[in-house]
Q: 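Input: one structure, supplied below.
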Number of protein chains: 2
Amino acid sequence: MAVSIKDIAKIAGVSPSTVSRALNNHPRISEGTKAHIQQLAKEMGYVPSSIARSLAVQRSATIGVAVTDLTDPYYIGLIQGIEKAIAAHTYQMLLNSFYRDPDRELEVVYDFHQRRVDGVIVTGSYIENIYLDPDNNFFKPVVIINSLTYPHSVAVDRATGMRKLIKHLIDLGHRRIAHVTQPRDGMERLEGYRVALEAHGISVDPALIVPCDGGIMGGLTAAPVLMNLAHPPTAISCFNDLTAIGVINALHRHKCRVPQDISVTGFDDLEMSAYYNPSLTTVRQPANRVGERAVEMLIRLINHKNNVEPEIVQPRLMFRDSTAPVSLSTATSS
Amino acid sequence: MAVSIKDIAKIAGVSPSTVSRALNNHPRISEGTKAHIQQLAKEMGYVPSSIARSLAVQRSATIGVAVTDLTDPYYIGLIQGIEKAIAAHTYQMLLNSFYRDPDRELEVVYDFHQRRVDGVIVTGSYIENIYLDPDNNFFKPVVIINSLTYPHSVAVDRATGMRKLIKHLIDLGHRRIAHVTQPRDGMERLEGYRVALEAHGISVDPALIVPCDGGIMGGLTAAPVLMNLAHPPTAISCFNDLTAIGVINALHRHKCRVPQDISVTGFDDLEMSAYYNPSLTTVRQPANRVGERAVEMLIRLINHKNNVEPEIVQPRLMFRDSTAPVSLSTATSS
DNA sequence: CTGAAAGCGCTTACAG
DNA sequence: CTGAAAGCGCTTACAG
């Protein structure tokens, strides 16, 4: 269909080998023929086939990225960093989401292998052990984002982030602090919450821990559950910023003011969160940077550098307007 | 490196052709050998090479997607729809952004052609004429999202959306209506703004039209410019929701209440916008659906169906809490 | 139902 | 500096 190296060779009166070398700036080729062939290629509208090249050289210059959820802005931040770094290294990105379905995750990564990507990145894997098992034919390196156990991973220390955030609330005088958790991905944060409370001699009240789906809707449904408690919280720490926004919306409907009547915290620090009303106190996960680091790590692995170590990055607290000292009225009434 | 069809053939004692057919469920193959070979393939950890297959069958089952800006949630909505539809058709997606750089757009699409994608989708192209030019060797179909002139495109009628939105403001009594525009991508919306004003006998005041970058920051800087006018607006229509959020933030800093003192409108209807405070009056662009439609159209083109016509989808107005009747004080003072 | 052969479009060690 | 040949891992028309 398209013009090939052979077509050019025929017209130029040289061998295909020569055309290939001319096009690839091979050192041992006369300047004359090189120029001529490159000119000819342009005229003939030659577009090299990377797929034929990939077959010959046994690398595709492609990285497969399997992402947890395209609907969650946090993962988008990861993708931004990944895409930028991949492009900077002149790779291409095959992108797929698996929407928290382990079977789909496996399918996607298997398909990446069929397509002979040079490596894969997966965010929030549910099946990381499978990648470790040698007889699964996953013969390409895979880097996992946000695993604490996988050897090739870059992760944010969320437990510590949440622990500090809860400490902030305690310092503000809060004692009844709720946590809206996401059962699949929120275990580290929940742990940080527990550790912080216990470190301050506050016992964990199971009634104050409610599950959510990780989106705005989850916050919307979680808040009423908490506010209808006989003994409601004075602060609500949320799985992420989206949940916090849902919680704040529900609170407003309950005529609860944030932060005057109740404090609310997020997690992620989405771009929007600084401009929400009230602006969100939250934990910044440096998603772009984590994405970039994952690509760097993967490329080291692809190039068989063996000095790769798991990376853990510390998140940073962002104190803003959605938290305040516990209000006297609420605190005494509780 | 990995096991190939030939390896299997050797062990099974059949020809590679037979292995290929067994693996592909070819009709004329005995059940016995088929089962045996499939079993063997599994045992040997065979992972077929789609890249070799692509070379042989001359299709890659891959679609290239070039997207304007990965940082803008509107485009993410498009990508969600695209990814879903691509996966449903068992294609794979190669994703790249070009961040509004026409040269980069061309590079990306050229690279897609090198990789022999079966088709490409580009959002908000800056170089659509190039795709039309027959001697550019773009021998694969390309569908453009949001072009009004390209023959294979699906677009939202933004001019009409904006026109209706402005009419809504006029119906609320507003006469001094500003528009925060984005010079590259906002021309249709600006046009809708103009047409609406003129249709109601309101002359367009150039001082009320200010440019922005399409993000929150743009709104943040545009609002003060408008409020410092001798004759400030009573309503501000924004390029998109992000801009509106920036504008509202800046307004709050100016001690202006939205919508009591001034109305603000967005465009896009991001998920967040219904949960912003105040919730945003805006125009919904059905990004997911547009993305899906673009994939459907592209696949028709790939399969050489010739009944493809440009699609234009009508957006829908979402009336919420960021707009209100013009306040008497402000209106009379102006 | 199965095999030998040619081909997809490149690259690259080996000769010259 | 250039060419002939083999190979990357598949598919598929042509015979049998």
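Just the heavy atoms: all of them, side chains too, but no hydrogens, waters or symmetry mates, feed the values below. In the text below, chain A, chain B and the rest are named by the order of the sequence lines, each starting its count at 1.
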Q: Any idea which of dT11(D), dC10(C), dT2(D) is nearest the Thr18(A) side chain?
A: dT2(D)
Q: Work out how far the C1' atom of dT12(D) is from that of dG16(D), and round it to whole angstrom.
A: 16 Å
Q: Checking base pairs now: Watson-Crick or wobble, both atom distances under 3.5 Å. What partners dA13(C)?
A: none
Q: Got a donor-acceptor pair under 3.5 Å from the side chain of Arg116(A) to the base of dG9(D)?
A: no
Q: Taking the nucleotide of DNA chain D with the nearest heavy atom to each, does Ala56(A) or Pro16(A) sit closer to the 5' end?
A: Pro16(A)
Q: How close or far is atom C1' of dG3(D) from atom CD1 of Ile29(A), stated in whole angstroms?
A: 11 Å
Q: Which part of the nucleic acid, if any, lies within contact of Ser20(B), taking any heavy atom under 4.0 Å across all strands shown: a base, the sugar-phosphate backbone alone, or nothing?
A: base
Q: Would one find a side-chain N or O of Gln58(B) under 4.0 angstrom from OP1 or OP2 of dG7(C)?
A: no
Q: On DNA chain C, check which nucleotide each of Arg21(B) and Leu55(A) is closest to and give me the residue with the more 5' one.
A: Arg21(B)
Q: Can you measure Gln114(A) atom CD to dC8(D) atom P for me and round it to whole angstrom units?
A: 20 Å
Q: Between P on dG9(D) and CG on Asp7(B), what's the gap in Å once rounded to a whole number?
A: 8 Å
Q: Okay, side chain of Thr68(B), backbone of Thr123(B): is any donor-acceptor separation there less than 3.5 Å?
A: yes
Q: OP1 or OP2 of dG3(D) versus the side-chain N and O atoms of Ser15(A): is any pair under 4.0 Å?
A: yes
Q: Looking at Glu296(B) and Arg293(B), is there a salt bridge between them, counting it only when a charged N and a carboxylate O are closer than 4.0 Å?
A: no
Q: Would you say dT2(D) has OP1 or OP2 under 4.0 Å from some side-chain N or O of Ser30(A)?
A: yes
Q: Using whole Å, what does the distance between atom C1' of nucleotide dG9(C) and atom CZ of Arg115(B) come to?
A: 16 Å
Q: Out of Lys305(A), Glu311(A), Glu292(A), which one pairs with Met297(A) under the side-chain contact (heavy atoms from CB on, under 4.5 Å) rule?
A: Glu311(A)
Q: Roughly how many Å is it from CG in Asn24(B) to P in dT2(C), rounded to a whole number?
A: 15 Å
Q: Considering only NZ, NE, NH1 and NH2 on the basic side and carboxylate oxygens on the acidic side, decide whether Arg104(B) and Glu107(B) come within less than 4.0 Å.
A: yes
Q: Can a side chain N or O of Ser50(A) be found less than 4.0 Å away from OP1 or OP2 on dC10(C)?
A: no
Q: What is the distance, to the nearest angstrom, from the NE2 atom on His26(A) to the P atom on dT12(C)?
A: 9 Å
Q: Rounded to the nearest Å, what distance is computed from the NZ atom of residue Lys6(B) to the P atom of nucleotide dG3(C)?
A: 16 Å
Q: Give the ring-plane orientation class for Phe138(B) versus Tyr110(B), where under 30° counts as parallel, over 60° as perpendicular and anything between as tilted.
A: perpendicular
Q: Considering every strand and a 4.0 Å limit on heavy-atom distances, what is the contact class for Ser17(B): base, sugar-phosphate, or nothing?
A: base
Q: Just how far, in rounded Å, is P of dG9(D) from CE of Met44(B)?
A: 13 Å
Q: Any side-chain N or O of Ser54(B) below 4.0 angstrom from OP1/OP2 of dC10(D)?
A: no
Q: Between Lys34(A) and Glu31(A), is there a side-chain N and carboxylate O pair less than 4.0 Å apart?
A: yes
